[in-house]
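To keep things clear, I will list the structure first and then write my remarks on it.
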Amino acid sequence: MEENLLNELNPMQKEAVVQTEGPCLVIAGAGSGKTKVLTYKVAYLMEHEKVAPWNILAITFTNKAANEMKERVEALVGNAINDIWLGTFHSICVRILRKFIDRLGYDTSFIIFDTTDQKTLMKQVLKELNVDSKMFSEKSVLSDISNAKNEMIEPEQYKLMYGGDYRKDIIAKCYELYQKKLKDNNAIDFDDIINYTIKILQNNSDVLDYYASKFKYILVDEYQDTNKAQFTLISTLANKYKNITAVGDSDQSIYRFRGADITNILNFEKDFPGTQIVKLEQNYRCTQNILKAANEVIKNNGDKYGKRLWTENEEGNLPNIFCGEDEYEEASYVVEEINHLRRAEYMKYSDFAILYRMNSQSRAIEDVLRREDIPYKIIGGLKFYERKEIKDAIAYLRLIANSSDSISFARIINEPKRGIGKTSLDNIQKIADENSISMYEVVKHAEQYMPKLVNSTKAFVDTIEELKGLVYQETDVSEIIKQTLKKTGYTDALKLENTIEAQSRIENLEELLTVAMEFEKESADKSLQEFLNGISLSSDTDNIEESDDMVTLMTLHSAKGLEYPAIFLVGLEEGIFPGNLSMGSEEDIQEERRLFYVGITRAKRYLYITFAKKRTIFGSTSYNPPSRFVNEIPKELFNGYDDAIESSNSADKFADSQFEWTYGSKFNKFGSGSSKNNGPVITKRAVDSGDIPSASPATFGKSVDSFLKNMNVGVSTAASAPTDLSQYKVGQAVFHKKFGEGVITGLDPEGDDYKVDIEFKNFGHKRLMLKFARLEIIE
DNA sequence: CACGCTCTGCCTGCG
DNA sequence: GCAGAGCGTG
C-alpha cells in the first residue's frame, strides 16, 4: 500500500512527500499536482511514519479545497480522516475559540458577524461618534480596520502608530468602539477569528502547550495567500516541532487587496531555518501551446524561484484571439465557439468556463447565452446567504440562539411589519445602552422599559421564547426553521405579496430548509449553534456542482484552483484588465498579470482571449485599447491574431478615446477637462445593439436575479402573452435551472396551475408547481 | 410609520 | 445600470 502510494508520484512530488521532518516549502506551479502532494503526504505520515491522525493539522483557505482534500485523504486512509484536523483557517480557529474564547471574556456561544452585520454595526459606531459619514463611509473604515487586523494591530496600538494623523485618529476611535460593540453583541468578525485565536495561544501557555504538542505535523495549502495574522498563527503552532509543510505558488498570488502578503512565501526559508525547497514544475493540465503562452506572460514579473513549467502533454491548438465591436459581439463570438466545439468535438456545456475581471461584466454574456438557450450558471455575484429573505431567517435563528445579538434583533423586529419603525428602534437602542442590556431584553421586559411597546411586541416576544424552548428541547434545526417562518408570520407576509419575486423568496427559504436537512444528515453535532456556525463559515463557491451540464461564468478570482477543457478570458482591455484602479503601481500591475496567468492556466485544451473595441460599463461607454497583457504573448502563439488586431485598429479608437472611469476618482470626476468633448458615448443596449431584438428594455432592465425569475414564465407574462401551459405534456423533455434535464411524468391541475412530476436525469423524481418551476422545453 | 422618489457610488472577495 | 441609502410626503 505504502509503496503503491509513492509509485504514483513523479520524483519531485515524491521528494515533497517523504520530506516529513522539519520545514518544507513546496513551490507548486499551476497544474503540477499540489493537492496530490498534500493528500499523499498526509497518508504517508500516517502509514510510513506512523503518525497518529490527531497529530496532523492541514489548513486550506476555502471550504472547497478543504472538502476536496478531505475526500481524497479519506480515499487513502479511510475513517482515520475524522481524527485529522483538516479545515480552513477559519473553521480550525473557530473550533479552538468555541473551547477557549472565555479566556478573552467572551461567551462560548459567540456568533460570527458577516460583512453586512459589520456594516450595520459600523453605521452605529459612526453615528455615535458623530463622524462625518460622507468622508468616512462604513466600508472604508471597515476596510482600514480589516487591514489593521490583518497586520495584527489592535486599537490602542493603532492609535500609537498613527496618532496625529487626522483621518487615522478618527479611524482609531471607530476601531475601538467597533470592538467594544462587537463584544456587547457577543460577536466577532472574520478577522477576529484568526486574531483572537492567536491571542489566546500567546497569552495562555496551557492552551498553547496543548495545541502545539498536539499538532506535530502541520500542512498549509495556498501559502502565497496568507496574511500576517495567518502566518503568525501557523508559526506559533509550528514552533514546537517545526514540522511544517507549506505549498504554494508565488505566481498565483492574487489576493493582495485582502491582505495576502506575498513575502510570506518569499521569506519562508528565513522564517523557518533549515527549509527544504521542492519545486514542482511538471504541468499535467495544459497543452504545450497554452503553457507557452502562460510562461511568456508570467516571465514579465520575474520570479524569485525561477521555476519553468513544462509538460509532456500534446502540443494542442494555438490559443484564439478575437476582437468584437462591443461586449455583445464579443459574447456572441463566445457562444458561437461553444456551439462549434460542442458539434465538432462533442464537448459538453460543463466543459466551458467564461472568466471576467469583474462581476458586472457578466450581464452582456448572460443576455446572449439566454438568447441562444445555452444553460449557464454564475458563481459569485449576489450570494445565496446574502439574499434578504435568507438573511432575515438567519437573523431570527441567531436571535433565538443568542439573544444579545442586537444586530439580528434590529434586522427582524419589524420584519414582517409590526409597527416598530425607526423612532421606536432608536428608543429601544437607547434604553438598551443605558441599562447595558440587549435590545431584545428591552422588548422582552417592555412593561418595565417601554410600556407603549407591550402591545405591538408581546406576540413577537412570546414567539421567540417559544422558539428558544424548541432549541432547548434539541428540536431538529429544519423544524426550528419551519416553526420560525410560520410563527413569526414571515412566510405568510410573503404569500400575501403574491408576486413572482415573493414566490422566488419563498423558494429560497425552502432551499434553506434543504440546507438544514442536509446538515442534520451529515453533521455529528446537530445543534442550532453548529448550524449557524457552518453557515457563517460557508460560501457560494463551495458547491460548484459538476453534475449540471452548464457553462460556468465567474470572475478570474473565483476560478483559481479550477480547470476546464475550454476557457474564455473576456474583456482583455486596458482599464478593465488590468483594471483602472490597478494602473497606479507596478506592484498592482504585477498582481493583475498573475491574475491573467491564473486565467490562462485554467485551460486544459482550448483557450480563447477576447476583447471589444467599445464597452458599456456602469452606464457609460468607453473605447479602450487591447490589454497590454495580450501583447505579452508573441503573436505567432495566437490563432486569429491579425484579424483581431486589424479590427481593433480599424476603430476610431483614439478619435474620442476618453475613458472615464466613473468610480475611484471621486475628486476629479467633474474635474478639469470634462467638457473638452462631449463625454462618453452612452450606449443603450437594447437600442444600439441589434443583437437582441426580442428584448425590450423593460424586460431586460431588471437585475440579473429578477431576470432569472423571468426567464420563462415571467417573460411571456411581461410580453402580455398568456403563459402557455399547453406545451407541457407527459413525456415532454424539459430543462430546469437547478435540476437540469428531465422528462415530465405527470400533471395534476391545482387551481390555475399544475403540479408537475418530473423525472430528472441527475436528481431523480421531483414534484414542482408548473408556473414556478421555470421549465424550458427541450426540443 | 410606510411608501416612493432621488441621489450616490461602484473591482477583485476567503470565511 | 443598478442597488441601497436617505429623504420627503401621505
Side-chain angles (χ1 to χ4, degrees), chain A residues 59-66 87-94 112-116 119 123 133-134 137-140 143 146 150 188-194 221-222 225-227 230 254-260 355-361 363-364 379-383 385-386 388 414 417-425 456 533-542 554-561 571 575-582 588 591-592 594-595 598-599 616-621 661-666 669 682-686 697 700-706:
Chain A
I59 310 181
T60 65
F61 269 85
T62 65
N63 291 313
K64 195 170 175 295
T88 62
F89 272 99
H90 291 92
S91 70
I92 300 274
C93 287
V94 166
I112 300 158
F113 269 14
D114 67 15
T115 324
T116 321
K119 277 189 194 151
K123 195 182 282 175
S133 58
K134 284 257 155 38
S137 67
E138 294 117 48
K139 210 186 147 173
S140 70
S143 155
S146 180
N150 288 160
I188 66 179
D189 68 19
F190 285 122
D191 298 322
D192 293 335
I193 293 177
I194 313 286
D221 193 14
E222 304 278 16
D225 287 340
T226 51
N227 61 31
Q230 287 152 342
I254 55 173
Y255 284 113
R256 199 163 85 101
F257 68 90
R258 67 174 197 217
L355 311 182
Y356 34 79
R357 180 64 177 81
M358 51 188 168
N359 285 308
S360 53
Q361 287 171 260
R363 277 207 48 161
I379 312 297
L382 185 57
K383 299 178 172 67
Y385 291 113
E386 284 169 13
K388 182 184 183 308
N414 204 29
K417 302 270 177 282
R418 296 188 179 90
I420 315 288
K422 199 177 173 308
T423 326
S424 307
L425 201 59
S456 47
N533 197 9
I535 282 182
S536 317
L537 296 178
S538 83
S539 73
D540 276 18
T541 22
D542 298 350
M554 66 188 137
T555 62
L556 285 141
H557 284 90
S558 307
K560 193 164 85 141
I576 305 285
F577 190 17
N580 241 24
L581 298 174
S582 315
D588 283 341
E591 175 124 335
E592 295 279 295
R594 290 192 289 268
L595 190 56
V598 165
T616 306
I617 206 135
F618 295 138
S620 65
T621 300
W661 198 246
T662 48
Y663 59 83
S665 53
K666 255 174 251 175
K669 193 167 169 185
I682 306 294
T683 311
K684 283 274 188 283
R685 182 158 28 95
F700 282 87
K702 290 279 171 61
S703 68
V704 167
D705 203 27
S706 65

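Quantities reported herein were computed from a predicted structural model and do not represent experimental measurements. Residue numbers begin at 1 in each chain, while the letters A, B, ... track the order of the sequences.
- In this structure, A:K139 reaches the sugar-phosphate backbone alone: every heavy-atom distance under 4.0 Å involves primed, P, OP1 or OP2 atoms, never a base.
- Here the side chains of A:Y356 and A:L556 are not in contact, with every heavy-atom distance at 4.5 Å or above.
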### Summary
Expected string for nucleotides 1-8 of chain B under the B/S/- scheme (protein heavy atoms, under 4.0 Å, primed atoms plus P, OP1, OP2 as sugar-phosphate) is SSS-----
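- Among residues two or more places apart in sequence or in another chain, the ring-ring contact (aromatic ring centres under 6.0 Å, His included) test is passed with A:F113 by none.
- The listed nucleotides are B:dT12, B:dG15, C:dG6; the one nearest the side chain of A:K123 is C:dG6.
- For the pair A:E591 CD and B:dT12 P, the interatomic distance rounds to 14 Å; values are reported in whole Å.
- Qualifying side chain to side chain contact (heavy atoms under 4.5 Å, CB included) partners for A:S456, counting only residues two or more places apart in sequence or in other chains: A:I420, A:L453.
- A 4.5 Å side-chain heavy-atom check between A:D225 and A:K560 finds at least one atom pair inside the cut-off.
- Taking only side-chain nitrogens and oxygens, A:N580 never comes nearer than 4.0 Å to OP1 or OP2 of B:dC11.
- In this entry the distance linking CG of A:N359 with P of C:dG1 reads 18 Å, nearest Å.
- Under the side chain to side chain contact (heavy atoms under 4.5 Å, CB included) criterion, A:S140 pairs with A:S137, A:R167, not counting sequence neighbours.
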### Task
Return one dot-bracket line describing DNA chain B 5' to 3' (Watson-Crick or G-U wobble pairs, both distances under 3.5 Å; ( ) same strand, [ ] crossing, | another strand, . none).
||||||||||.....
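- In terms of heavy-atom proximity, A:L537 sits nearest to A:F190 at CD2-CE2, 4.2 Å.
- When the side-chain nitrogen and oxygen atoms of A:S91 are compared with OP1 and OP2 of B:dG15, none of them lie within a distance under 4.0 Å.
- Nearest to the side-chain atoms of A:T115 among the listed nucleotides B:dG13, B:dG15, B:dC10 stands B:dG15.
- By the stacking rule of 5.5 Å between ring centres and under 30° between planes, A:F257 stacks on the base of B:dT12.
- By the 4.5 Å heavy-atom criterion applied to side chains, A:M554 and A:L355 are counted as neighbours.
- The closest donor-acceptor contact from the side chain of A:Q230 to the backbone of A:I194 lies at 3.5 Å or more, if one exists at all.
- Between the side chain of A:D189 and the main chain of A:D114, no donor-acceptor pair closer than 3.5 Å is present.
- In terms of the ring-ring contact (aromatic ring centres under 6.0 Å, His included) criterion, residue partners of A:H557 (sequence neighbours excluded) are, by chain and number, A:Y255, A:F257.
- What separates CD1 of A:I92 from P of B:dC14 is a distance of 19 Å, to the nearest Å.
- In the set B:dC14, B:dC10, B:dG13, B:dC10 carries the atom at the smallest distance from any side-chain atom of A:F618.
- Regarding A:D225, its CG atom lies at a distance of 13 Å from the C1' atom of B:dG15, rounded to whole Å.
- Atom CD of A:E592 and atom C1' of B:dT12 are 8 Å apart (whole Å).
- Whole-Å rounding puts the A:I112 CD1 to B:dG15 C1' distance at 8 Å.
- If you measure from atom CZ of A:R258 to atom P of B:dC14, you get 7 Å, rounded to the nearest angstrom.
- Side-chain N/O atoms of A:S360 include none lying less than 4.0 angstrom from OP1 or OP2 on B:dC10.
- Counting only heavy atoms from C-beta on, A:F61 has its side chain closest to B:dC14 among C:dG6, B:dC14, B:dG15.
- At whole-Å resolution of the value, CZ in A:R594 and C1' in B:dC11 are 17 Å apart.
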